[in-house]
2 protein chains.
Amino acid sequence: MTIVGAGRMARSLATRALAGEYAVRIVDRSPQKAADLADQLRSAAPAGAAPDVRGSDALAVEGADLVVLAVPYPAGLAVAAEYGAALAGSVLVDICNPVDFATLDGMAVPAGTSAAERIAAEAAPGVPVVKAFNTCFAGPLLGGRVAGQPLDVLIAGDDAGARQRVAAFAAAGGLNPLDVGPLRRARELEALGFLHMASQERLGLNWSSAVKFLT
Amino acid sequence: MTIVGAGRMARSLATRALAGEYAVRIVDRSPQKAADLADQLRSAAPAGAAPDVRGSDALAVEGADLVVLAVPYPAGLAVAAEYGAALAGSVLVDICNPVDFATLDGMAVPAGTSAAERIAAEAAPGVPVVKAFNTCFAGPLLGGRVAGQPLDVLIAGDDAGARQRVAAFAAAGGLNPLDVGPLRRARELEALGFLHMASQERLGLNWSSAVKFLT
């Protein structure tokens, strides 16, 4: 899989990917940051593991099974549009929370749509887009569990095979995939991601909580 | 507290209220249904308990600390409007999920608002409205726990004292109140309630799951 971005979510997703024995390529506008994260991931791997991770010296995504946009919105929209035809054959995974970060009091996409739907329609027509991981924070996702339970990964997309590829990745990484259906459910996933974020400070949760459909 | 409605959510909320030693009045357009539910709640009370529950022979809500609208949307909007000035001094608790029940594929309020905000603006101006309990299903709420954990009760409203009254009620009933802030957060709570409902059949959860911010 290819992860676009070298921040905290990129690190956590790559850690889950390596735990699931996926090969990981990290790309970033700064090749140095991509290489540094790859180095750190190799150093952090369990003894005896042979993590297949590398930073790319290009922004290339060709040939990737999964391309994860681990950059904030709306940067991810622009990045996906730049890739264009290079995404053919890949599943594009949108993990963003399009939130007004200045206030943490509203969304940065108009009501009645979602960042995922905009990316699918405007930036990557013809490429299967899957919304996932946006209700997980980077901290809990790094280890994959909270309170002894695997994190739920809520997955939405219009292509069943693409949803399944993302679910398989989540399961391989020790997480609990939940396929919630079509891409328009991203509206609710993004509302939930925003609610979870907006509640952290007032509830004193310290960005360590995990949204779970407890059973 | 007064519960408007005598269905499954009314039963579960009344059960939590009685567990918290709140006095409960049940009102319904059918006084017989209200009386029957009150009888059933008395019968279901633990041995030695003295449940203070009665069905009302009127639709009266005067003098109630909390008035819970346990009827579907948009019926609750009409009921609140009928009460009008009778709600003075009460906190009005909206628990509905304004979902298109024919398809379970969309909301029954326009994007960018919420049933709770409409009730506050159109039906009960001047009365503090609190959104709560809409992410809980009746089954899990009856016992108050899932997987050994108390249910989270997500609470939104513009009046801090009103939110606190609802939080105190939830805590008394053995639940875990989470105050998520202003009434406009009801948009996200209703999106989450809808997501939770829409996911039940496809995930095989059988309406027995509970939304939790796991820590």
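Residue numbering restarts at 1 for every chain, and letters A, B, ... go by the order of the sequence lines.
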Mind ranking B:G181, B:G112, B:P110, B:G106 by heavy-atom pairs under 4.5 Å with chain A and telling me who comes out on top?
B:G181
With the side chain counted from C-beta on, respond yes when A:F213 and B:V146 share a heavy-atom pair under 4.5 Å apart, and no when they do not.
no
Cut-off 4.5 Å, heavy atoms of chain A, and the answer for B:D105 is both
I'd like to know whether CD of B:E21 has more than 12 heavy-atom contacts from other residues, nucleotides or ligands below 6.0 angstrom.
no
Against chain B, work out which of A:L205, A:D179, A:L154, A:V211 has the most heavy-atom pairs shorter than 4.5 Å and name it.
A:D179
Side chains of A:F194 and B:R187: closer than 4.5 Å at any heavy-atom pair?
no
Out of B:S199, B:A210, B:A156, B:S209, which one racks up the most heavy-atom pairs below 4.5 Å with chain A?
B:A210
Most heavy-atom pairs under 4.5 angstrom with chain B, which of A:E190, A:K212, A:H196?
A:K212
When the 4.5 angstrom heavy-atom criterion is applied to B:L178 and chain A, the contacting part is both
If you count the non-hydrogen atoms of other residues, nucleotides and ligands that lie under 6.0 Å from CZ in A:R29, is the total more than 12?
no
In this structure, CD of B:E188 is separated from CG of A:L192 (nearest 0.5 Å) by 9.5 Å
Is it true that atom CD of A:E122 has more than 12 heavy atoms of other residues, nucleotides or ligands lying nearer than 6.0 Å?
yes
Near B:R8 CZ, under 6.0 Å, is it more than 12 heavy atoms from other residues, nucleotides or ligands?
no
Contact part of B:T215 toward chain A, heavy-atom cut-off under 4.5 Å: side chain, backbone, both or neither?
both
